[in-house]
Protein chains: 2
Amino acid sequence: MALKHTILAFLSRQPLSGYEVAKEFAEGFGSCFWKASQQQVYAELTKLEQQGNVTYEAIPQPGRLDKKIYSITEQGQQELIDWLMQPSEPAAIREDLGVMGLAGHLVPVPAVIREIERRRQLHAEMLQQVQALDEQFAQNLATLELKDLYMHLIIRRAIRYQESWVAWCDEALAAIQASPGIDDDRDALKGRST
Amino acid sequence: MALKHTILAFLSRQPLSGYEVAKEFAEGFGSCFWKASQQQVYAELTKLEQQGNVTYEAIPQPGRLDKKIYSITEQGQQELIDWLMQPSEPAAIREDLGVMGLAGHLVPVPAVIREIERRRQLHAEMLQQVQALDEQFAQNLATLELKDLYMHLIIRRAIRYQESWVAWCDEALAAIQASPGIDDDRDALKGRST
DNA sequence: TTCTTGTATTCAATTTTTTGAATACAAAAA
DNA sequence: TTTTTGTATTCAAAAAATTGAATACAAGAA
């Protein structure tokens with residue numbers, strides 16, 4: 001599970017409260033890779049603290065629960081380094097649209113086209129978002145220190161990912177529209193005409 | 001969860017035993033998208049049968065447990081169609097290497113380079129695999145019936161995915177090697193030289 | 001003959017993830 | 001003034017995925 005190590009990685013940059021860690025997942029890193037819910041973050045932080053990988057400083061807040069500022073410990077940093085030094089497994093593409101390739105013929109063609117058009121737009125928007133994230137790095141690429149270069153590179157990974165989606169949607173749409181089989185199913189929903 | 005609907009999609013093409021469904025996940029579809037374990041498949045098939053989405057014909061086999069050939073039911077097909085007609089959520093990129101972008105500076109540069117080189121090779125191999133899967137379709141693209149066109153298109157999705165990985169690895173490797181910060185950390189592992 | 005690989009299914013336990021809700025207050029907007 | 005948004009944390013339950021093992025036999029390789 002990468003959640004543990006992702007949180008350690010956030011904390012290796014700077015101490016954060018649980019809320020702020022959750023925000024990282026909702027925004028920056030989350031928009032590039034994946035999102036973890038607040039509950040997941042808080043639960044993981046509690047475990048991490050029990051294991052001695054992080055500590056927290058409780059900031060008393062009048063009238064409500066303490067705010068906890070978490071920092072990574074020596075042990076936590078070592079744990080993170082050990083994990084980073086291990087070879088990584090390529091992630092699976094767990095993509096619902098893939099099922100369309102297996103059983104798309106059960107569904108009317110216009111519905112498939114609409115769905116791909118919808119996805120095209122979605123990914124184009126996500127592409128703009130990650131491109132915006134990269135702006136501060138992309139400009140002075142040649143002078144970036146290592147830390148920022150790595151950040152730039154993972155954002156580039158996300159950019160390429162979204163670009164490949166947009167390009168695929170265009171290809172798929174064109175291929176379906178050019179397909180000789182397209183007329184067979186055009187009216188599948190309404191019931192066989194003629 | 002897409003597991004349920006992926007299995008229904010397999011069965012919408014032809015009846016299969018649990019073992020054969022598991023094999024689909026291990027090979028064809030699995031190499032494009034994601035793999036489900038045998039146990040997961042058997043468990044899901046049992047649930048699907050209880051829900052009335054599939055039925056099975058038990059083939060008695062001398063001296064061992066019956067082989068069960070599962071087929072999709074009317075209800076199961078409707079369930080699958082309903083699911084396919086719903087808008088799909090883009091899948092999150094749950095990629096361990098992403099963490100490298102957050103905390104790569106903790107690790108010596110040569111280790112990062114080695115890891116990206118390793119990944120480049122891995123994805124190049126996976127690319128070849130999915131390209132091989134596409135061969136039968138790519139040749140007579142213009143005459144493909146819809147069912148095969150859809151199959152071709154999801155394989156194309158997988159191809160583009162792997163291509164974008166290979167291209168990114170090349171970009172990342174070049175960028176790291178060109179980085180002015182590269183010398184600062186080169187000997188991080190051995191301890192500060194000079 | 002023995003070992004390995006492939007076919008074929010099931011059980012159990014654990015871990016991980018998701019979903020939904022509750023609590024509490026500050027600040028800004030309507 | 002009331003509502004919404006944002007900050008901040010916790011609990012509980014359910015669903016899903018992973019890990020490990022056991023059973024059973026056929027076929028081919030060593």
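Residue numbers start from 1 in every chain, and the chains themselves are labelled A, B, ... in the order their sequence lines are given, proteins ahead of strands.
- Atom CZ of A:Arg94 and atom P of C:dT17 are 12 Å apart (whole Å).
- The cationic atom of A:Arg119 (NZ for Lys, CZ for Arg) lies less than 6.0 Å from the six-membered ring centre of A:Trp165 and within 45° of the ring axis.
- Atom CH2 in B:Trp34 sits about 16 Å away from atom C1' in C:dT17, given to the nearest Å.
- Distance CG (B:Leu16) to P (C:dT7): 14 Å, rounded to an integer number of Å.
- Distance B:Gln40 CD to D:dG20 P: 15 Å, rounded to the nearest Å.
- When rounded to the nearest whole Å, the span between NE2 of A:His5 and C1' of C:dT16 equals 14 Å.
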Quick test: give all pairs of protein nitrogen or oxygen and nucleotides 10-14 of chain D nitrogen or oxygen below 3.5 Å, distance rounded to 0.1 Å.
unit_1 : atom_1 : unit_2  : atom_2 : d
D:dT10 : OP1    : A:Lys68 : NZ     : 2.8

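- Its side chain outside the 4.5 Å cluster rule for every partner, B:Met126 clusters with none of the Ile, Leu, Val, Met, Phe, Trp and Tyr residues.
- If you take CD of B:Glu27 and P of C:dG6, they are 10 Å apart, rounded to a whole angstrom.
- Ring centers of A:Tyr42 and A:Tyr19: at least 6.0 Å apart, outside the cut-off.
- Residue B:Lys23 places at least one side-chain N or O under 4.0 Å from the OP1 or OP2 atom of C:dT7.
- Looking at A:Asn53 and A:Gln75, their side chains do bring a donor and an acceptor atom within 3.5 Å of each other.
- As rounded to whole Å, 10 Å separates atom C1' of C:dT7 from atom CD of B:Glu20.
- In this entry the distance linking OH of B:Tyr19 with P of C:dT9 reads 10 Å, nearest Å.
- For B:Glu125, the CD atom is densely surrounded, since the number of other residues' heavy atoms within 6.0 Å is greater than 12.
- Counting only residues at least two apart or in different chains, side-chain hydrogen bond (donor to acceptor under 3.5 Å, both in side chains) contacts with residues 143-154 of chain B comprise B:Asp134-B:His152.
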